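Values below: every heavy atom of this structure, side chains too, minus hydrogens, waters and symmetry copies. Letters A, B, ... are given to chains in the order of the sequence lines, protein chains preceding strands, and every chain is numbered from 1. Just so it is clear, the model here is predicted, and its values are computed rather than measured.
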Number of protein chains: 2
Amino acid sequence: MKIDYTYKYPRPAISVDNVMLGYADGALKILLVHRTNEPYSGKWALPGGFLHEGESLSECSVRILKEKTGLENPFMEQLYTFGAPDRDPREHIISVTYFVLINHFPVVENNAEKVDQVAWFPWSELPDVAFDHAAIIRVAIDRIRAKIRYSPLAFELLPEKFTLSQLQTLFEVILHQTLDRRNFRKKLLSMNILQELNETTTKKVGKPAVLYAFDKKKYDTMLQQQIYFEL
Amino acid sequence: MKIDYTYKYPRPAISVDNVMLGYADGALKILLVHRTNEPYSGKWALPGGFLHEGESLSECSVRILKEKTGLENPFMEQLYTFGAPDRDPREHIISVTYFVLINHFPVVENNAEKVDQVAWFPWSELPDVAFDHAAIIRVAIDRIRAKIRYSPLAFELLPEKFTLSQLQTLFEVILHQTLDRRNFRKKLLSMNILQELNETTTKKVGKPAVLYAFDKKKYDTMLQQQIYFEL
DNA sequence: GCAAAAGTGTTTAATATACACCCATGA
DNA sequence: TCATGGGTGTATATTAAACACTTTTGC
C-alpha cells in the first residue's frame, strides 16, 4: 500500500549508482545495465536505484550490488555525489555514487524475470551511456588511477592467488605505462605484504609461476608503523 | 506562497554543510555557527542549509559560504556525503559536505539581523558539536592531512604573499611533525612553483624574511610535464 | 651588543633506475 | 629442441636526511 508524502518544499530524489570495476582478459571492465524504461530506454547505464526509506547510502549501494550480481562483500567506497539539477530529464535527482572493485566475475546471466540485462564492457570500448554516467565513470577511473599507487587496491581486482606477472600487468593496464619486471618484483617483495604460496600456476606454455596472496595482517602492521604502500 | 509537494515515496531532505578551514595564530581553525533552533539548540554546528529548488550542490555550498562570511572565491571541493537515517533526530537528512579553505579571515561580526553567531575554533579546542558534525570534521582533517602532501593546498590557507618560514610552520601544524628548515627550503624552491618577490617582511624582531607568492602558471606547467607536487 | 628569526652547503644514506641472461615447462 | 613466459643481480644516478654556523634587523 502506498501512501503519499507531502512536504512544504520540493525535494530532489536520491539515487545511488555503483561504478563496478572488474579486471579480466587484460582489461579493466565496467558493469552496465541495459535500460528498458524511459528515459534513455535502450541505452546502457550504471547499476543504480533510489534510496529506500530508512536505508543508509552504503546499504543502498550494497543492495544494488547484490541485486545485480549476487555479490556480498567486495571492496566499496563512496566516490562522489552528483547533483546538477538537469542531470536527469525527469526531475532533480541527486546521485550518490560508489566505487566497487570486483575480483571475480559473477555469472551474469539474464537470470529470468524482471532483471535488466547486464554486461561487462572494457573501459576503452564503452557504449554511449545514459544521463551523466560517462562523467561518473571518468571520476571513477581517475580515482583508481590515483589510488592504486598508494593504496592496495590492486589486490581487490585479482583473485586471491595471483602471480607477480599478473599483478604487474594489472598495474600496467591501469597506469597505462610499462614497468620493469625486476624492479617491480623487488619493490613489491620488499614491502613484505605478500605471502608466497607453495603453489605454482600450471600453464600450457612457459615456466610455471609462483602464486602469492595479499597478506592483510602484514599490511596492517605496516600501516601502524606509519609505512605506506607506494608503487 | 508555499505549495505542497507530494510524492509516492518518502524522500529524505538534502542539506549541504561546509567545513571551512582557516589558518591563523599558528593554528588551523574551523568556522562554526551557534544554533538557536532545535534540535541541538545552543550547540555549535557546521554552517549549512537545505538545498534550494533548481540549485546544484556546489551552488548551494557557495551560497552558504557567502551568507556566513561574505566570501566568494575560496578553494572548495566536495568532501563526502553522509546519509545515515538517524543522523538527524527530525528525519532522514542527507548531508553533502564541502571542504573550504580560506586564506584570510573575514570580519565575522554578528552582522545584525537574523544571522547566527559564528566563530572560529582551533581544531584542537572544538566545542561539542551538533549532529554527526564531529565525524564530518574528522573526515575533513584527514583529507587535508593527506592532500597537503601531494597537492598545493597549503597556498590556499596563506595570504598571497608569505615567507618560507610561514609555509613551513603551516605544514608542521597540519602534519604534526617538525621539518628541517634547510631541506624544506631546498625542496620547495627546487619545485620552481614559487615566485620570489622583491619584498621582505618588517618584523619587530629578527632578520626580515623574503616574501614569496605561489605561481600557478609554473605549477600548471609542472603538471603538464607529469611532475607532481610532493612534500 | 644581544636577542631573535632568516638564510645557507655538504656529507652520507637510501631509494630508484637501467639493463640482459638463464630457467623450467609443454608441445 | 624450441617457443614461451618466469625468475634473478649489479652498477649508477637520484633523492632524502642529517646536521651548525653566519647574517640581518630592532631594541
Would you please name every residue forming a side chain to side chain contact (heavy atoms under 4.5 Å, CB included) with Asn103(A), sequence neighbours left out? none
Expected output: side-chain Glu59(B) to main-chain Ser56(B) donor-acceptor under 3.5 Å: yes
Review item, side-chain donor-acceptor pairs of residues 16-24 of chain A, under 3.5 Å, at least two apart:
from, atom 1, to, atom 2, distance (Å)
Asp17(A), OD2, Ser95(A), OG, 2.6
Asn18(A), OD1, Ser61(A), OG, 2.7
Asn18(A), ND2, Ser61(A), O, 3.1

Could you go through residues 143-152 of chain A and list every donor-acceptor pair under 3.5 Å that involves a side-chain atom there, pairing it with any protein atom two or more places apart or in another chain?
from, atom 1, to, atom 2, distance (Å)
Arg143(A), NH1, Glu77(A), OE2, 2.8
Arg143(A), NH1, Gln78(A), O, 3.2
Arg143(A), NH2, Leu79(A), O, 2.6
Arg145(A), NE, Ile174(A), O, 2.8
Lys147(A), NZ, Glu77(A), OE1, 2.7
Lys147(A), NZ, Glu77(A), OE2, 3.2

Strand-adjacent residues in residues 144-155 of chain B, judged by heavy atoms under 4.0 Å from DNA chain C: none
Does the distance from a Lys or Arg side-chain N to an Asp or Glu carboxylate O, for Lys216(B) and Asp220(B), drop under 4.0 Å? yes
Side chain to side chain contact (heavy atoms under 4.5 Å, CB included) involving Arg63(A) - partner list, sequence neighbours excluded: His52(A), Glu55(A), Cys60(A), Glu67(A)
Pull out every residue in residues 180-190 of chain B that has a heavy atom closer than 4.0 Å to any atom of DNA chain C, ordered by number, or say none. Arg181(B), Arg182(B), Arg185(B), Lys186(B)
The single option from Tyr219(B), Phe75(B), Phe162(B) passing ring-ring contact (aromatic ring centres under 6.0 Å, His included) against Phe214(B): Tyr219(B)
Mark yes or no for whether Asp132(A), through its side chain, and Ala135(A), through its backbone, hold a donor-acceptor pair below 3.5 Å. no
What range of DNA chain D does chain A touch, first nucleotide to last, counting atoms under 4.0 Å from its heavy atoms? dT4(D) to dT10(D)
Who pairs with Thr221(A) by side chain to side chain contact (heavy atoms under 4.5 Å, CB included), at least two apart in sequence or on another chain? Gln225(A)
Residue mapping more 5' on DNA chain C - nearest nucleotide basis, Pro208(A) or Pro208(B): Pro208(B)
Cut-off 3.5 Å, no hydrogens considered: what does the side-chain donor-acceptor table look like for residues 183-191 of chain A, sequence neighbours left out?
from, atom 1, to, atom 2, distance (Å)
Asn183(A), OD1, Lys186(A), NZ, 3.1
Asn183(A), ND2, Asp180(A), OD2, 3.4
Ser190(A), OG, Lys186(A), O, 3.2
Ser190(A), OG, Lys187(A), O, 2.9

Go through the structure and list residues passing ring-ring contact (aromatic ring centres under 6.0 Å, His included) with Tyr80(A), not counting sequence neighbours. Phe82(A)
Which residues satisfy the side chain to side chain contact (heavy atoms under 4.5 Å, CB included) test with Ala209(B), sequence neighbours excluded? Thr163(B), Thr201(B)
Terminal contacting nucleotides, 5' and 3', DNA chain C versus chain B (heavy atom, 4.0 Å): dA4(C) to dT10(C)
